[in-house]
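Both counts, for ligands and for their atoms, begin at 1 and track the order of listing.
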Amino acid sequence: MSSQLILVLNCGSSSLKGAVLDNGSGEVILSCLAEKLNLPDAYITFKANGEKHKVELTQQPDHTGAVGALMEELKTRNLADRVAAVGHRVVSGGETYSDSILINEDVIAGIEKCIPLAPLHNPANLLGIRAVQTIFPGLPNVAVFDTAFHQTMPEHAYTYAVPRELYRKYGLRRYGFHGTSYRFVADEAARFLGKDKNSLRMVIAHLGNGASIAAIQNGECRDTSMGLTPLEGLVMGTRSGDIDPSVFSFLAQNTGMTITEITDLLNKKSGLLGISELSSDCRTIEEEAAKGHEGAVLALEIFAYRLAKYVAGMAVAAGGIDALVFTGGIGENSDVIRAKVLGYLAFLGFNADAEANQKARFGNAGVITATGNGPVAVVIPTNEELMIAQDTAALSGLA
Ligand code: ADP
């Protein structure tokens with residue numbers, strides 16, 4: 001008998017990313033990406049067995065139209081009847097959700113309540129949930145929250161040093177993101193190193209277009225670099241990360257920019273892009289830095305330096321450091337960034353192995369430090385879709 005399939009959805013305001021995974025093997029059978037949703041030229045691209053094709057969403061260019069097109073694609077491939085449950089990436093579960101949960105109307109109301117904490121993302125996630133309820137009626141839906149894993153952070157890690165009333169009234173605190181990736185990578189790293197995760201002090205750096213870092217002790221999160229929003233913390237592709245909050249009044253007074261414009265500048269025009277004046281893409285930055293482009297050289301150095309400072313800080317949160325784990329597009333591929341970070345951290349006992357560092361790329365996991373008494377650094381590819389699919393199967397009684 002053919003095994004059951006799990007559909008995993010990640011909805012943005014104008015996009016929808018989907019993956020259909022085999023519940024037995026975890027293999028991705030079909031993936032899709034809908035773009036330009038809510039514009040007349042919306043389309044969806046399907047990918048299976050290395051082949052791609054595009055379908056225009058002319059009739060209904062929204063999330064429901066995209067899920068409808070996905071259903072048609074599944075029917076054409078005789079896969080529709082095998083889809084047994086749907087997992088949704090939901091960005092913010094606030095303080096309400098510290099685990100994934102089977103979706104019912106109460107959970108939908110709970111996700112709505114968290115909209116002030118993720119005003120762009122949670123509404124899009126809800127559109128995806130509603131679209132699936134319409135197009136795949138009767139299937140169990142599961143919400144997997146980006147924030148859930150960080151709910152074990154102690155109060156002293158998540159509280160901002162501002163009047164506490166703001167926390168009580170508005171929930172103003174640090175929540176963190178990328179939690180699903182951390183949960184997956186923490187387990188994988190412990191398994192790869194042959195260690196019990198409950199006796200490992202890990203610092204994991206998830207470095208993609210958005211980048212963050214987390215301290216893990218006994219398999220639980222103790223601190224992370226993103227805060228109320230994903231803007232806090234590390235230098236990212238287009239985000240500034242930590243910055244003096246007075247930058248807002250400085251720019252307002254000197255340029256006349258509004259709060260919205262400054263927020264946009266810090267989120268979309270800063271980071272690697274802002275420093276290099278070239279690109280937000282680490283590959284491009286590395287290529288240009290190798291040719292001597294001054295902005296690219298500086299962007300790489302700042303990215304690595306700030307990351308190294310954060311690793312040392314996160315070692316405080318984890319009560320020490322046995323393993324530094326790199327993941328995400330940059331973490332899994334950029335031997336250049338990793339070498340620089342390990343260079344800065346040599347004082348903590350990290351002893352980089354240049355050859356191993358070169359080899360751990362393109363999906364290959366690997367220890368990138370030489371054997372010795374110091375802590376290890378290791379590259380572990382993340383797989384958020386698989387984590388979401390596993391939670392979905394477990395909560396739907398399919399595991
Ligand atoms: P997202 O956060 O959107 O999921 P990814 O995890 O895919 O992003 O990471 C994207 C980043 O990874 C980009 O900056 C990209 O340049 C970088 N990256 C991918 N491959 C390489 C590579 N071979 N060398 C350096 N950086 C890479």
Side-chain angles (χ1 to χ4, degrees), residues 8-19 28 31-35 47 89 91 120-121 124 144 146 176-185 188 204-214 224-226 229-241 267-291 293 295-297 299-304 306-307 325-342 357-366 368 379-388:
V8 172
L9 282 191
N10 178 0
C11 291
S13 54
S14 63
S15 69
L16 177 151
K17 239 193 224 174
V28 176
S31 62
C32 66
L33 174 63
E35 293 176 277
K47 196 170 145 193
R89 175 191 180 217
V91 167
L120 296 178
H121 292 99
V144 179
D146 247 33
F177 298 91
H178 292 141
T180 309
S181 174
Y182 287 122
R183 195 153 52 92
F184 180 83
V185 171
E188 278 297 298
I204 305 179
H206 176 112
L207 312 173
N209 285 311
S212 72
I213 185 164
T224 189
S225 59
M226 283 181 170
T229 76
L231 182 56
E232 189 176 343
L234 303 175
V235 174
M236 312 181 207
T238 61
R239 297 192 191 114
S240 63
N267 275 290
K268 298 187 182 151
K269 298 174 190 157
S270 301
L272 293 177
L273 173 66
I275 304 165
S276 68
E277 301 181 302
L278 203 62
S279 170
S280 63
D281 191 290
C282 188
R283 259 168 306 198
T284 310
I285 303 280
E286 282 186 13
E287 283 160 18
E288 294 304 317
K291 292 183 211 154
H293 185 285
V297 170
L300 280 186
E301 207 55 50
I302 297 176
F303 187 97
R306 285 266 293 269
L307 174 54
V325 188
F326 290 95
T327 194
I330 298 174
E332 291 166 28
N333 293 295
S334 176
D335 52 317
V336 174
I337 295 277
R338 295 188 309 233
K340 282 183 184 294
V341 171
L342 293 183
N357 186 30
Q358 286 270 334
K359 279 192 192 147
R361 301 181 73 193
F362 310 124
N364 292 319
I368 57 170
V379 176
I380 301 285
T382 191
N383 194 339
E384 289 161 279
E385 275 99 5
L386 181 59
M387 187 87 263
I388 294 174

- Message: For Ala299, give me all partners under side chain to side chain contact (heavy atoms under 4.5 Å, CB included), at least two apart in sequence or on another chain.
- Response: Leu272, Ile275, Ser276, Ile285
- Check each of Thr180, Asp146, Val144 against Arg89 using the side chain to side chain contact (heavy atoms under 4.5 Å, CB included) test, and report the only one that passes. Asp146
- Query: Would you say Tyr182's side chain and Phe177's backbone share a donor-acceptor pair under 3.5 angstrom?
  - Reply: no
- Task: Starting from the C-alpha separation in whole Å, work towards a yes-or-no answer on salt bridge (Lys or Arg N to Asp or Glu O under 4.0 Å) for Lys291 and Glu288.
- Result: CA-CA 5 Å; Lys291 292 183 211 154; Glu288 294 304 317; 3.1 Å; yes
- Message: Can you list everything that forms a side chain to side chain contact (heavy atoms under 4.5 Å, CB included) with Asn364? Sequence neighbours excluded, please.
- Response: none
- For ligand 1, the residues whose heavy atoms come within less than 4.0 Å (ordered by chain, then number): Gly208, Asn209, Gly210, Asp281, Cys282, Arg283, Glu286, Gly328, Gly329, Ile330, Asn333, Ser334, Arg361, Phe362
- Qualifying residues under side chain to side chain contact (heavy atoms under 4.5 Å, CB included), relative to Glu188, sequence neighbours excluded: Phe184, Arg191, Ile380
